[in-house]
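Take a look at the structure below.
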Amino acid sequence: MNTHKFKANNIIELPSGTGIVGITLHKWTEAKRIVLVDLKDEVVANIKNNFIKNKLQGKYVAVKMQWNEYASFNVKYDVIATCDPFFHRC
């Protein structure tokens, strides 16, 4: 991974699922801030739990958000990360 490319960047991961991409970015880069987003409260709670289990603190935030609410964040990100996003009505 070209970790230097993420230095001091604000990163958003959409959708986050388990948070594996965000965890990897947190561990292996010098990103300024990582925002992990998913659609359900239980998924966001699981993301937070996965960060705790990996003893990661600080530069991440996990939030529930619908994709059409992105504009309300009023934040520009340097990097948008994603990992096999898909949608289903379960």
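Atoms considered below: every heavy atom in the structure, side chains included; atoms not considered: hydrogens, waters and symmetry mates.
For the pair D38 and P15, the tightest heavy-atom approach, listed with the atom from each and the gap, is OD2-CB, 3.6 Å. Of all heavy-atom pairs spanning I11 and Y77, the tightest one is C-CD2, 3.7 Å. Of all non-hydrogen atoms in T82 and L14, the two that sit nearest each other are OG1-O, 2.6 Å. Closest approach of K59 and K32 over heavy atoms only: CB-O, 3.5 Å. Taking both residues in full, the closest heavy atoms of I47 and S16 are given as CD1-CB, 3.4 Å, listed atom of the first, atom of the second, then distance.
Hydrophobic cluster membership is shared by I80 and L39, with clusters built from Ile, Leu, Val, Met, Phe, Trp and Tyr side chains linked at under 4.5 angstrom. No path of Ile, Leu, Val, Met, Phe, Trp and Tyr side chains, each step under 4.5 Å between heavy atoms, connects V44 with L56, placing them in separate hydrophobic clusters.
For the atom pair I34 CD1 and L25 CG, the distance stands at 5.0 Å (nearest 0.5 Å). Note that the CG atom of N9 and the CD atom of E30 stand 11.0 Å from one another [nearest 0.5 Å]. T24 OG1 to E13 CD: the interatomic distance, rounded to the nearest 0.5 Å, is 8.5 Å.
At distances below 3.5 Å, not a single donor-acceptor pair connects side-chain atoms of N10 with backbone N or O atoms of D78. N54 places a side-chain N or O within 3.5 Å of a backbone atom of N50 that can act as its donor or acceptor partner.
In this structure, Y60 and F51 have parallel ring planes: the angle between them is below the 30° cut-off, well short of the 60° mark.
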**Request:** Using the side-chain contact (heavy atoms from CB on, under 4.5 Å) rule, take K53 and N49 through it: C-alpha gap first, then chi angles, then the decisive distance, then the call.
**Result:** CA-CA 6 Å; K53 284 182 178 180; N49 190 45; 3.4 Å; yes

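The number of heavy atoms from other shown groups lying within 6.0 Å of CD (Q57) does not exceed 12.
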